[in-house]
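What you see below is based on every heavy atom in this structure, not just the backbone, and it leaves out hydrogens, waters and symmetry mates. Just so it is clear, the model here is predicted, and its values are computed rather than measured. Numbers here are sequence positions counted from 1.
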Amino acid sequence: MQNKTSPGSTCCDEFDPNALNVEQARKKILETVKSVVDVETIPIREALNRVLAESVKSTINVPPHINSAMDGYAISGMDIPTTGENKLSVVGTVMAGRPLDITIAAGECVRIMTGGKIPAGTDTVIMQEHVQREAEIITLSASHAVGQNVRQAGEDLAKGDTVFQPGRRLTPADIGMLASMGNAKATVFRKIKVAFFSTGDELCSVGQPLGDGQIYDSNRYTLDGMLRRLDVELIDMGVIPDNRELIEAAFAEATEKADVLITTGGVSVGEADFVKETLEKLGQVGFWKIAMKPGRPLAFGQIEGCQFFGLPGNPVSAMVTFYQFVQPAILRMMGIEDVAPKFLLLKTKDSLKKRPGRLEFQRGMIETDENGGMVVSSVGAQGSGILSSMSKANCFIELPLECSVVEVGEYVKVQPFAGMI
């Protein structure tokens, strides 16, 4: 990455010595928010994406008994010939869930299905494709190992093992593991309640005809989608007109019902509106300038115990600031400790440019190159009002504050959207 200034620009074009960098802002927010303490016990079918409030120990071995990993024949490893072949008598069949209550003697074997309990006297399973059978006799060669194709009791989970710690957000595999231990319920932290609304006489809800000078309110619908992925309890309060009394009433209602309140627009420095006036009246809210692009202005604070985020009004700026600051804060409130965004280092297929002075989140597309490796490319125009750049992208390309040019083939930090939940 080059640190030279692009033609026609200087470092001071974007530099503000009073602006917080992204890490400083995120750190301040995460040091402020607290995890919820209220818990509930729910059926595991309802626990996907919920956060465990207590540790989970296995009360049984998983699997609970030694069983076959294949369809085949259970034998004693002593009957595997060292050279040539050996013939064994088939004395029964073991189906999964229906054990065979006999002891297998030397020179004998049983037909066994995947998951079937290994009968006494056997310790090895030979795949059915690897034997020859005639009537009740099988013939096997010397090319087998003692103990093959057998799952041991407790091989997956041992009785008494701590399987999950508090703070784990449950995945589909986790739900399956809970079921494998016989757990019908899980104790989780309650859902975070998030209220959000837009303000402005120029905003029109979808489904309504646009008036002269109006635009459709896309931010509220984008927020709705991002919040649904977090599995929070949503309180959509719609569009609030530019009216002091209505705005103040909306803030009062939201902070009474919710753990978090999010608004978009009205946070730029020097911008005169009723939102900032109401915030200063009702709570402890700071208006920050962040050394990032897009998304420079951000308001953060508390109103009557409710965490408040005032995001920029430009659609891309609102999404970038949500992912960098709001989502980590909500995840921390849910009870998750590791909330930092995850990155990859990938080569770029394009030359990328920016002005020094701000960390920039450009929208990109992770692709597979001709050699099967991952690379990243730009999706094109990067304006903060071009929402289509987010729709086309599957990642952010993070360009450091001081750089101006990234050449083709250089490595860049990439934040996949898939890691943003």
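At least one side-chain heavy atom of Ile262 sits less than 4.5 Å from a side-chain heavy atom of Leu227. In this structure, Ile175 and Leu170 have side chains that are in contact, with non-hydrogen atoms separated by less than 4.5 Å. Annotation: side chain of Ile118 is in contact with side chain of Ser68 (closest heavy-atom distance under 4.5 Å). Using a 4.5 Å heavy-atom threshold, the side chains of Leu203 and Ile215 count as touching. At a threshold of 4.5 Å between non-hydrogen side-chain atoms, the residues Val163 and Leu157 count as touching. Here the side chains of Val146 and Asp123 are in contact, with some heavy-atom distance below 4.5 Å. Side-chain atoms of Ile112 and Tyr73, non-hydrogen and from C-beta on, never get closer than 4.5 Å to each other. In this structure, the side chains of Lys281 and Glu248 come closer than 4.5 Å at one or more pairs of heavy atoms.
Judged by the 6.0 Å and 45° rule, Arg220 forms no cation-pi pair with Phe196.
Counted within 6.0 Å of CD on Glu367, heavy atoms from surrounding residues, nucleotides or ligands total more than 12; the atom is thus considered enclosed. Dense packing is recorded around NZ of Lys191, with more than 12 heavy atoms of other residues, nucleotides or ligands lying under 6.0 Å away. The 12-atom threshold is not exceeded at CD of Glu304, counting heavy atoms of other residues, nucleotides or ligands nearer than 6.0 Å. Heavy-atom neighbours of Glu134 CD from other residues, nucleotides or ligands within 6.0 Å: at or below the threshold of 12. Taking a 6.0 Å sphere around CD of Glu136, one finds it holds more than 12 heavy atoms contributed by other residues, nucleotides or ligands.
Between the side chain of Asp156 and the main chain of Val62, no donor-acceptor pair closer than 3.5 Å is present. A donor-acceptor pair is defined here as one N or O able to donate and one able to accept, closer than 3.5 Å; such a pair exists between the side chain of Asp369 and the backbone of Asn371. The backbone N or O of Ala135 lies less than 3.5 Å from a partner atom in the side chain of Arg133, making a donor-acceptor pair. A distance-only check finds a donor-acceptor pair linking the side chain of Asn21 to the backbone of Gln24 [under 3.5 Å]. A donor-acceptor distance shorter than 3.5 angstrom exists from the side chain of Asp71 to the backbone of Thr114, with no hydrogens or angles considered. Judged by distance alone, the side chain of Asp236 and the main-chain N or O of Gly238 form a donor-acceptor pair under 3.5 Å. At distances below 3.5 Å, at least one donor-acceptor pair connects side-chain atoms of Asn61 with backbone N or O atoms of Lys159. For Arg50 (side chain) and Phe189 (main-chain N/O), a donor-acceptor pair under 3.5 Å exists by modelled atom type. Judged by distance alone, with hydrogens and angles left aside, the side-chain atoms of Lys117 form no donor-acceptor pair with the main-chain N or O of Gly115 at under 3.5 Å. The backbone N or O of Asn49 lies less than 3.5 Å from a partner atom in the side chain of Arg169, making a donor-acceptor pair.
Shown here for Leu140 and His144, the closest heavy-atom pair between the two residues is CD1-CD2, 4.3 Å. Scanning both residues, Pro119 and Ile102, for their nearest heavy atoms gives CB-O, 4.1 Å. A pairwise comparison of heavy atoms in Cys109 and Ile75 identifies CB-CG2, 3.6 Å as the closest pair.
For the residue pair Glu398/Gln415, the side-chain donor-acceptor check at 3.5 Å is not satisfied. The closest side-chain donor-acceptor pair between Ser378 and Asp350, if any, does not fall under 3.5 angstrom. No side-chain donor from either of Asp217 and Ser205 sits under 3.5 Å from a side-chain acceptor of the other. With 3.5 Å as the limit, one finds no donor-acceptor pair spanning the side chains of Thr93 and Arg111.
Atom CG in Asp231 sits 13.0 Å away from atom CZ in Arg229 (nearest 0.5 Å).
For residues 170-190, every residue pair satisfying the side-chain hydrogen bond (donor to acceptor under 3.5 Å, both in side chains) rule, not counting sequence neighbours, is listed here: Asp38-Arg190, Thr41-Thr187, Glu54-Thr187, Arg168-Asp174, Thr171-Asp174, Arg190-Asp259.
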What do the steps show when you test Lys392 against Arg363 for side chain to side chain contact (heavy atoms under 4.5 Å, CB included), and what is the final call?
-> CA-CA 8 Å; Lys392 295 174 183 175; Arg363 276 71 73 203; over 6 Å; no
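In this structure, the ring of Phe396 has its center less than 6.0 angstrom from the ring center of Phe417. Between Phe251 and Phe197, a ring centre-to-centre spacing shorter than 6.0 Å is recorded.
A side-chain contact (heavy atoms from CB on, under 4.5 Å) with Leu298 is found for exactly one of Leu20, Ile290, Val326, namely Ile290. The residue from Met319, Gln324, Lys293 that alone fulfils the side-chain contact (heavy atoms from CB on, under 4.5 Å) condition with Phe361 is Gln324.
Ion pairing between a basic and an acidic side chain is recognised when a charged N comes within 4.0 Å of a carboxylate O; Lys257 and Glu253 show such pairing. A salt bridge does not link Lys28 to Glu31: none of the charged side-chain nitrogens sits closer than 4.0 Å to a carboxylate oxygen.
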